[in-house]
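A short worksheet on the structure shown next.
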Amino acid sequence: MEPLRLVKRRSEVMPPWRSQFPRMRYFAHRFDECLASGDVTNYGKYNKEFEEALTLYLQAPTVTFSSGMSALTTMLMAADVAGGEVICPSFTFCATPHAIRLAGATPVFADISTEHMTINPHEVEKKITPLTRAILGVDVYGMCCDYDWLTRIGRERGIKVMFDSAPAFGSSYNGDTIGHYGDGQIFSFHASKPFSTMEGGALCSRNKELMEKAKEIRHFGSDAVGNVSGVGLNGKMMEVCALVGLQNLETFPQDSLNRTAAASLLRRKLSGIKGMRVQRAPLCQSPIWMFRPIHIETNFGMSRDEVVNLLRSFDIIVRKDYSMPCHKMPIYNRGETLIITEKYASQVVSLPVYNDMTEHEMDRIAAALHNIQQGKF
Ligand SMILES: *Cc1c(COP(=O)(O)O)cnc(C)c1O
């Protein structure tokens, strides 16, 4: 028997992310059966099986989606934010404010915390107005935002609190796998994320009313008997994606251990470089680390952009997420200043972490950064 995982021929170039997929033979017969019967979508049996497996893994009712973006837009629509404001960080992927806009609300950006790069609950409180309908925290890089504090604010003010946990599937908070926090959490299963179904996503919530509404919105706003009760979209996951998900979920407990171990070892290998700081997570959580962000500080001796370009000459391709913070994008720019967001946007480098990262790859990153800092390139 060949190994479950495709053994890839490694190119010398290290990409910003590397997905892991099961060999076709592990689900080919089931996919073939879908093709033969024509049951390729519309909540087929593999989608149901996958939703049950996710519900068990996440300890919260879970429904699948065609993407993280469709799950996020649906969650916000189901929370009835239209016509109001939703507070979110600017230091996030543009999908976060886009989903708020698509759900008919206005994104209001709050600054992030100096220590953890996630939305700062103090800043959230300052942005609450009579129009605030929800707080949408984001788990950037797979690091959880302050669920406890944000949900407390929501409870006190009577505002829904939800999470864009797109990159954080498999992260844990207070010892619990995330999924059941706040009024709802969404995950992305895009190929770039630590757990993937190629394209895909999920919404988890213990709020029954929100989940029922979300299921209708996911299916063109139509209810179980086919009456259209509101505006909806097509957010259905295809059977082939559910099959890939089922297969990947089997190995994910081990994959996620490998990944978090790689992220810690990488951090240790990066210690002691002058002017460079590796971002750490709060002690109460264990992030899945979609990326391992580092800060290039002023005493490093060169700019972040120079570092990124030099890493490329070592065949290490990295991203600068999120170097254009959302409040600076022309569509969202209202001329406001978010001090910490802007500072971090100018100094962050998102180092890669892979589920199957080798120690040799970590050494390559560490050696490249040591050399760059010492002017040896
Ligand atoms: C990846 C990501 C999304 C989008 O997920 P897709 O599955 O690509 O639609 C949304 N928000 C954040 C924070 C992300 O990282």
Side-chain angles (χ1 to χ4, degrees), residues 16-19 21 50 54 62-77 86-103 107 109-110 112 116-119 134-145 147 150 162-171 178-179 181-182 184-204 214 217-218 233-238 241-242 244-245 248 259 279 281 287-293 319-327 329 332 341 344-345 348 350 352-353:
W17 47 271
R18 185 164 75 214
S19 30
F21 289 114
F50 186 38
L54 288 171
T62 305
V63 291
T64 54
F65 279 84
S66 52
S67 68
M69 181 72 189
S70 63
L72 183 56
T73 307
T74 299
M75 174 173 78
L76 290 161
M77 287 170 77
V86 177
I87 302 171
C88 69
S90 164
F91 193 78
T92 178
F93 186 45
C94 59
T96 310
H98 288 350
I100 295 170
R101 275 274 179 92
L102 287 168
F109 299 112
I112 51 174
H116 297 126
M117 303 178 93
T118 50
I119 196 165
I135 298 165
L136 180 64
V138 179
D139 299 339
V140 272
Y141 312 112
M143 274 192 302
C144 304
C145 50
Y147 295 161
L150 292 169
M162 294 176 288
F163 303 109
D164 175 351
S165 307
F169 185 87
S171 292
I178 63 166
Y181 289 95
Q185 291 196 264
I186 68 97
F187 297 106
S188 162
F189 301 152
H190 180 256
S192 58
K193 309 291 192 210
F195 173 80
S196 175
T197 61
M198 304 187 288
E199 288 276 7
L203 162 63
C204 312
I217 294 164
R218 180 178 61 160
L233 44 87
N234 175 1
K236 301 187 295 281
M237 173 177 273
M238 292 197 287
C241 296
V244 170
N248 263 352
R259 190 181 184 99
Q279 180 63 43
I288 191 74
W289 294 116
M290 173 159 176
F291 299 116
R292 187 93 220 209
R319 310 217 329 196
K320 299 184 277 187
D321 293 359
Y322 297 94
S323 80
M324 168 69 99
C326 298
H327 75 288
M329 295 175 181
Y332 298 116
T341 298
Y344 285 176
V348 74
S350 313
V353 183

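By convention here, the first residue in the shown sequence is residue 1. Counting starts at 1 for both ligands and their atoms, in listed order.
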Could you tell me whether ligand 1 has any atom less than 4.0 Å away from a heavy atom of [X]?
| X | value |
| --- | --- |
| Pro167 | yes |
| Glu199 | no |
| Asp164 | yes |
| Gly200 | yes |

Note the single closest protein heavy atom to atom 12 (C) of ligand 1, along with its residue, its atom name and the distance in Å.
-> Ala166 CB, 3.4 Å
Among non-hydrogen protein atoms, atom 9 (O) of ligand 1 lies closest to Met69 N, 2.9 Å
Please state which part of Lys193 comes within less than 4.0 Å of ligand 1, counting heavy atoms only: side chain, backbone, both or neither.
-> side chain
Can you label the angle between the Phe163 ring and the Tyr147 ring as parallel, tilted or perpendicular, going by 30° and 60°?
-> tilted
Compute the centroid of each ring, for His98 and then for Tyr332, and state whether the two points are separated by less than 6.0 Å.
-> yes
May I ask you to check whether Tyr344 and Phe91 place their ring centers less than 6.0 Å from one another?
-> no
Taking all atoms of both residues into account, what is the closest heavy-atom pair of Ser196 and Asn248, and its distance?
-> O-ND2, 3.0 Å
State, to 0.1 Å, how close Ile119 and Cys145 come at their nearest heavy-atom pair, and which atoms those are.
-> CG2-CB, 4.3 Å
Give the numbers and elements of all ligand 1 atoms closer than 4.0 Å to a heavy atom of Ala95.
-> 10 (C)
Do Arg292's NZ or CZ and the ring of Tyr141 fall within the cation-pi criteria of under 6.0 Å and 45°?
-> no
